[in-house]
Amino acid sequence: MTELRERLRALPSFPPDLPRFDPEHDPAAAPPDPRALFVTWLDEALASGAPTPQAAVLATAGADGVVGARTLIVKDVTDDAAWLFATHRTSPKARAAEENPHAAMTFFWPTRGRQVRVSGTVRRLPDDVAAADFSARPEASRAATLVGGQSERLASRSELAAAFDAALARVRSDPDLVDPAWALYAVDAVRVEFWQAVTGGGAVRWAYERDAVGRPWRAGLLWP
């Protein structure tokens, strides 16, 4: 146990040369809209070669208060600061969102020494929007969704392979097939924090907050 602790403590957290983020002295670094800053940081992560920068950890808690977290792909960020993700309505995250419509997301780009934390309320988007998202998915992804049973006990990998092959055959025979249980959710942000590690130690934290969706944003520095 001691050996593992020492190994972990010896690992570097971030590269030695990190980007500068100074919204206090450079107002242009932090626009009034958190979506605009998110897109800038996402583009910079892409340009730097950061792997899968559109992935985020989504944390939810159901009616029982038990917290669950998982990494997923964010589908879009709307002009009114809604972060979108898709899932099957029977999945644990969908059930939790329906029972307790509050969630948090974290994007982490270690090569940039950056993370973005989003928190807000969750709502399910209209069925036609979810259907369009499903139809835009690759053939294999549509088949995997149609298999269903997410997070349920699986007897064997061969059982999954057989179910996937059957679902793939359905998709290929009916390209317009849409899973009626596919859903698109929005996390309507009321708080978005941008965290930038500083070369040599410390961090710059810049947070946007609003009282409710549609209300003006307030922004400012936080203690590290």
Would you say the side chain of [Y] lies within less than 4.5 Å of the side chain of [X], judging by non-hydrogen atoms?
| X | Y | answer |
| --- | --- | --- |
| V122 | H102 | no |
| P23 | V204 | yes |
| F194 | P34 | yes |
| R205 | L221 | no |
| T145 | R137 | yes |
| L72 | V74 | yes |

Q.
Can you pull out every salt bridge (Lys or Arg N to Asp or Glu O under 4.0 Å) where at least one residue sits in residues 157-172? Sequence neighbours excluded, please.
A. E139-R172
[X] (side chain) donor-acceptor with [Y] (main chain) under 3.5 angstrom:
| X | Y | result |
| --- | --- | --- |
| T121 | P101 | no |
| T199 | P16 | yes |
| R70 | G68 | yes |
| S91 | T87 | no |
| E99 | A63 | yes |
| D76 | T78 | no |
| S135 | A132 | no |
| N100 | A61 | yes |
| R191 | G120 | no |
| R210 | A189 | yes |

Under 4.0 Å between a side-chain nitrogen and a carboxylate oxygen: does that hold for [X] and [Y]?
| X | Y | value |
| --- | --- | --- |
| R218 | D211 | yes |
| R20 | D22 | yes |
| R142 | D179 | no |

Under a 4.5 Å side-chain heavy-atom rule over Ile, Leu, Val, Met, Phe, Trp and Tyr, are [X] and [Y] clustered together?
| X | Y | value |
| --- | --- | --- |
| L37 | V198 | yes |
| M105 | V190 | no |
| W217 | F21 | yes |
| L184 | F85 | no |
| L168 | L146 | no |

Please report the shortest heavy-atom distance between [X] and [Y], naming the atom on each side.
| X | Y | value |
| --- | --- | --- |
| V116 | F38 | CG1-CD1, 4.1 Å |
| A207 | L222 | CB-CD1, 3.7 Å |
| P15 | P110 | CD-O, 3.4 Å |
| A143 | A167 | O-CB, 3.4 Å |

To the nearest 0.5 Å, tell me how far [X] [atom1] sits from [Y] [atom2].
| X | Y | atom1 | atom2 | result |
| --- | --- | --- | --- | --- |
| W83 | R35 | CH2 | CZ | 8.5 Å |
| L84 | I73 | CG | CD1 | 13.5 Å |
| L58 | T71 | CG | OG1 | 9.5 Å |
| L125 | R123 | CG | CZ | 5.5 Å |
| R114 | W195 | CZ | CH2 | 11.5 Å |
| R112 | L42 | CZ | CG | 11.5 Å |

Q: Establish, for the pair R89 and W182, whether the NZ or CZ atom is under 6.0 angstrom from the six-membered ring centre and no further than 45 degrees off its axis.
A: no
Q: Starting from the C-alpha separation in whole Å, work towards a yes-or-no answer on side chain to side chain contact (heavy atoms under 4.5 Å, CB included) for D174 and D176.
A: CA-CA 5 Å; D174 184 4; D176 296 325; 3.9 Å; yes
Q: Give the ring-plane orientation class for F14 versus F108, where under 30° counts as parallel, over 60° as perpendicular and anything between as tilted.
A: perpendicular
Q. With under 30° as parallel and over 60° as perpendicular, where do the rings of Y208 and W206 fit, or are they tilted in between?
A. perpendicular
Q: Check the pair V187 / Y185 against side chain to side chain contact (heavy atoms under 4.5 Å, CB included), numbers first and verdict last.
A: CA-CA 7 Å; V187 178; Y185 289 89; over 6 Å; no
Q: Carefully, step by step, assess R95 and T90 under the rule side chain to side chain donor-acceptor pair (under 3.5 Å).
A: CA-CA 6 Å; R95 292 198 301 268; T90 62; 5.4 Å; no
Q) For the ring pair F107 and W41, is the centre-to-centre distance below 6.0 Å? A) no
Q.
I'd like to know whether CG of D64 has more than 12 heavy-atom contacts from other residues, nucleotides or ligands below 6.0 angstrom.
A. yes
(Q) Quick one, T52 with Q54, criterion side chain to side chain contact (heavy atoms under 4.5 Å, CB included). Give me CA distance, side-chain angles, the key distance, then yes/no. (A) CA-CA 5 Å; T52 324; Q54 75 277 30; 3.7 Å; yes
